[in-house]
Amino acid sequence: MIASKVNILRIQRALKASGNRAYHDLVTLPGQKPIVSQGIPGYSAVSGHVVTVFGCTGFLGRYLVSKLAKLGTQVIVPYRDEDEARIFKPMGDLGQIVRMEWDVRNENQIAECLKHSDTVYNLTGRDYETKNFDFKSVHVDGAERIAKIAAESGVSRLVHVSHLNASAKSESKFYQTKAEGEERVKAAFPTATIIRPGTLFGYEDKLLTNMAVWPIWWKLNHGETKIRPVHVFDVAQALANLMSIPQISGTVNLPGPSTLTYDYLLELVSSITLRPPTRAPVLPKAVALALARAAQSVWWPALSPDEVVRRYIDDVDVPGDWAAVGMGEPSEIEDHAITYLRRYRSA
């Protein structure tokens with residue numbers, strides 16, 4: 001009985017001590033805004049940071065919001081579709097997830113979403129063009145608009161997510177606009193951090209899961225195209241780590257640990273799903289482009305002509321900057337593939 005009372009007193013002292021603020025709990029941002037943290041780091045703590053994540057409803061954005069919320073950060077999650085924003089509510093403690101409707105063309109809504117934030121992540125992007133949003137309107141004009149308003153609102157840090165293959169000289173319009181968007185962002189927000197991840201894989205990805213369903217489209221170029229796939233968990237963690245490290249101005253490359261061909265990945269998918277390799281013929285580039293153009297007449301998303309062009313472009317061979325964002329070596333795709341492909345096995 002006496003021992004149990006002693007243990008209770010120890011717990012009470014520990015809880016009281018954890019509630020006391022120390023000198024390191026106070027951080028002053030470059031804009032002289034004070035950040036005061038409180039509580040044991042974790043889901044129910046208060047980190048003091050307010051972060052806006054544009055593009056949060058996308059593949060990478062969902063994992064980033066989850067990791068930020070687990071640090072006790074208040075996260076502003078701008079959304080266009082109410083149904084897509086519902087998944088964020090349980091990711092953070094009460095009041096830590098704030099959903100706000102927005103449009104990338106509406107400057108007032110953008111300003112409203114980031115006016116209380118000290119850090120802004122821009123993850124917005126399009127894999128294919130639509131009648132409402134083409135690559136330029138999202139990757140260039142939208143990125144510049146967010147950067148400009150962030151600078152005018154006194155945001156301390158802007159993190160802009162681009163792509164590893166962003167290049168103004170690329171054959172792909174997707175990669176061209178990504179590169180132009182980077183330049184516009186740096187002009188509007190000179191201290192912005194540009195993140196260039198490789199092709200992402202994970203749950204709901206468009207790499208492994210798509211290969212399991214439509215392998216014919218990955219045989220283009222005879223499967224010889226080289227890519228450097230990276231786990232979405234690793235990229236999300238690297239982005240979340242930026243909250244606790246000094247300002248990084250410039251470009252940070254986050255490629256996968258290995259350079260692999262589409263042909264190798266198709267064999268990997270086949271071995272895990274226990275399905276024989278597809279016997280579909282390799283389509284010539286001209287035929288694939290013609291079919292992709294014809295497919296744009298349907299109302300559902302189909303393979304776009306620009307995606308066909310990208311299937312012929314190798315990922316750039318640059319060293320990774322994982323250490324700069326507090327990360328070790330990223331995960332190999334073979335270590336996680338079965339997690340995402342097991343469901344495609346036949347009964």
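Aromatic pair F189/H160: centroids not less than 6.0 angstrom apart.
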T177 and D134: CA distance, side-chain angles, deciding distance, side-chain contact (heavy atoms from CB on, under 4.5 Å) verdict: CA-CA 10 Å; T177 53; D134 58 13; over 6 Å; no

Before giving the answer on side-chain contact (heavy atoms from CB on, under 4.5 Å), spell out for V75 and V53 the whole-Å C-alpha distance, their side-chain angles and the decisive distance to 0.1 Å. CA-CA 7 Å; V75 187; V53 182; 3.9 Å; yes

From CA spacing to verdict: salt bridge (charged side-chain N to carboxylate O under 4.0 Å, His left out), K148, E144: CA-CA 6 Å; K148 179 181 177 182; E144 180 183 31; over 6 Å; no

Apply the test side-chain contact (heavy atoms from CB on, under 4.5 Å) to residues E107 and R145: give CA-CA distance (whole Å), side-chain angles for both, the deciding distance (0.1 Å), then the verdict. CA-CA 7 Å; E107 294 188 1; R145 194 174 294 119; 3.6 Å; yes

Is there a salt bridge (charged side-chain N to carboxylate O under 4.0 Å, His left out) between K206 and D127? Walk through the geometry before answering. CA-CA 10 Å; K206 295 182 179 179; D127 286 330; 2.8 Å; yes

Where do F233 and H336 land on the ring-ring contact (aromatic ring centres under 6.0 Å, His included) test, with the steps shown first? CA-CA 11 Å; F233 283 12; H336 299 277; 7.4 Å; no

Walk me through it: do N132 and T130 pass the test side chain to side chain donor-acceptor pair (under 3.5 Å)? CA-CA 5 Å; N132 294 320; T130 65; 5.2 Å; no

Residues V65, K67; criterion side-chain contact (heavy atoms from CB on, under 4.5 Å); working and verdict: CA-CA 6 Å; V65 171; K67 290 185 178 296; over 6 Å; no

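In the model, S304 has a side-chain atom that pairs as donor or acceptor with a side-chain atom of E307 under 3.5 Å. There is no side-chain donor-acceptor pair under 3.5 Å between T261 and D263. A donor-acceptor pair shorter than 3.5 Å can be found between the side chains of Q237 and N241. For the residue pair Y264 / E334, a side-chain donor-acceptor distance below 3.5 Å is found, with atom types taken as modelled. One side chain, S172 or D306, offers a donor N or O that lies under 3.5 Å from an acceptor on the other. Using a 3.5 Å distance cut-off with no hydrogens or angles, the side chains of D205 and T209 do pair a donor with an acceptor. Between the side chains of N221 and T225, at least one donor N or O lies within less than 3.5 Å of an accepting N or O.
Figure legend: cation-pi geometry between R126 and Y128, with NZ or CZ positioned under 6.0 Å from the six-membered ring centre and within 45° of its axis. Taking the ring axis of W218 as reference, the NZ or CZ atom of R311 stays within 45° of it and closer than 6.0 Å to the ring centre.
Proximity of L274 to S346: side-chain heavy atoms (C-beta onward) are nowhere separated by under 4.5 Å. With contacts defined as side-chain heavy-atom distances shorter than 4.5 Å, the pair Y121/T52 does not qualify. Looking at V77 and M91, their side chains never come closer than 4.5 Å, going by heavy atoms from C-beta outward. Looking at heavy atoms from C-beta onward, I76 lies in side-chain contact with S117 at the 4.5 angstrom threshold. Side-chain contact check for L207 versus P229: some heavy-atom pair is nearer than 4.5 Å. In this structure, the side chains of T119 and M243 come closer than 4.5 Å at one or more pairs of heavy atoms. Between F88 and T57 the shortest side-chain heavy-atom distance falls below 4.5 Å. Contact of the W214 side chain with the T278 side chain is not registered, since no non-hydrogen atoms from C-beta on lie closer than 4.5 Å.
Although no hydrogens or angles enter the test, the distance criterion places no donor-acceptor pair under 3.5 Å between the side chain of R342 and the main chain of I272. Between the side chain of S137 and the main chain of F133, no donor-acceptor pair closer than 3.5 Å is present. Of the possible donor and acceptor atoms, none in the side chain of D234 sits under 3.5 Å from a partner among the backbone N and O of A236. Between the side chain of R275 and the backbone N or O of Y344 there is at least one donor-acceptor pair closer than 3.5 Å. No donor-acceptor distance shorter than 3.5 angstrom exists from the side chain of Q176 to the backbone of S167, with no hydrogens or angles considered.
Between L341 and A212, the shortest heavy-atom contact is CD2-CB, 4.1 Å. Closest heavy-atom contact between G95 and Q74: O-NE2, 3.0 Å. Here the shortest heavy-atom pairing between P255 and P330 reads O-CG, 4.0 Å. Closest approach of V50 to H116, counting heavy atoms only: CB-O, 3.5 Å. Scanning all heavy atoms of the two residues, the minimum distance from L220 to L283 falls at CD2-O, 3.6 Å. Summarising the geometry of A179 relative to A168, their closest heavy-atom pair is CB-N, 3.5 Å, with the distance given to 0.1 Å.
R105 and D103 are joined by a salt bridge, as a carboxylate oxygen and a charged side-chain nitrogen come within less than 4.0 angstrom of each other. In summary, K285 and E171 engage in a salt bridge, as defined by a charged side-chain N under 4.0 Å from a carboxylate O. Of the charged side-chain nitrogens involved, at least one lies within less than 4.0 Å of a carboxylate oxygen, so that D141 and K136 count as a salt-bridged pair.
L266 and Y340 fall within a single hydrophobic cluster, where Ile, Leu, Val, Met, Phe, Trp and Tyr are joined by side-chain heavy atoms under 4.5 Å apart, directly or via other members. Grouping the Ile, Leu, Val, Met, Phe, Trp and Tyr side chains by contacts below 4.5 angstrom, directly or via other members, places V282 apart from Y262. If you chain together hydrophobic residues whose side chains sit under 4.5 Å apart, V51 and L158 never meet in one group. In this structure, I149 is a member of the same hydrophobic cluster as F54, with clusters built from ILVMFWY side-chain heavy atoms closer than 4.5 Å. Under the 4.5 Å side-chain heavy-atom criterion for ILVMFWY residues, a single connected hydrophobic cluster contains both Y312 and V287.
To the nearest 0.5 Å, atom CD of residue E84 and atom CD of residue E82 are 10.5 Å apart. In this structure, D315 CG and N165 CG are separated by 4.5 Å, a value rounded to the nearest 0.5 Å. To the nearest 0.5 Å, atoms CG (L164) and CG (N253) are separated by 6.0 Å. With rounding to the nearest 0.5 Å, the separation of OG in S153 from CD1 in I110 is 10.0 Å. Atoms NZ and CZ, from K89 and R99 in turn, are 5.5 Å apart once rounded to the nearest 0.5 Å. S162 OG to E182 CD: the interatomic distance, rounded to the nearest 0.5 Å, is 3.5 Å.
Tested against H231, the residues W322, F201, Y203, F59 include a single ring-ring contact (aromatic ring centres under 6.0 Å, His included) partner, F201. Checked against V252 for a side-chain contact (heavy atoms from CB on, under 4.5 Å), the options I194, V159, T193 give a single hit: T193. Considering V161, V230, L200, I195 in turn, I195 is the only one that fulfils the side-chain contact (heavy atoms from CB on, under 4.5 Å) rule with L254.
F174 and F135 have perpendicular rings, their planes meeting at more than 60° on a 0 to 90° scale where under 30° would count as parallel.
Remark: I245 CD1 is packed, more than 12 non-hydrogen atoms of other residues, nucleotides or ligands lying under 6.0 Å away.
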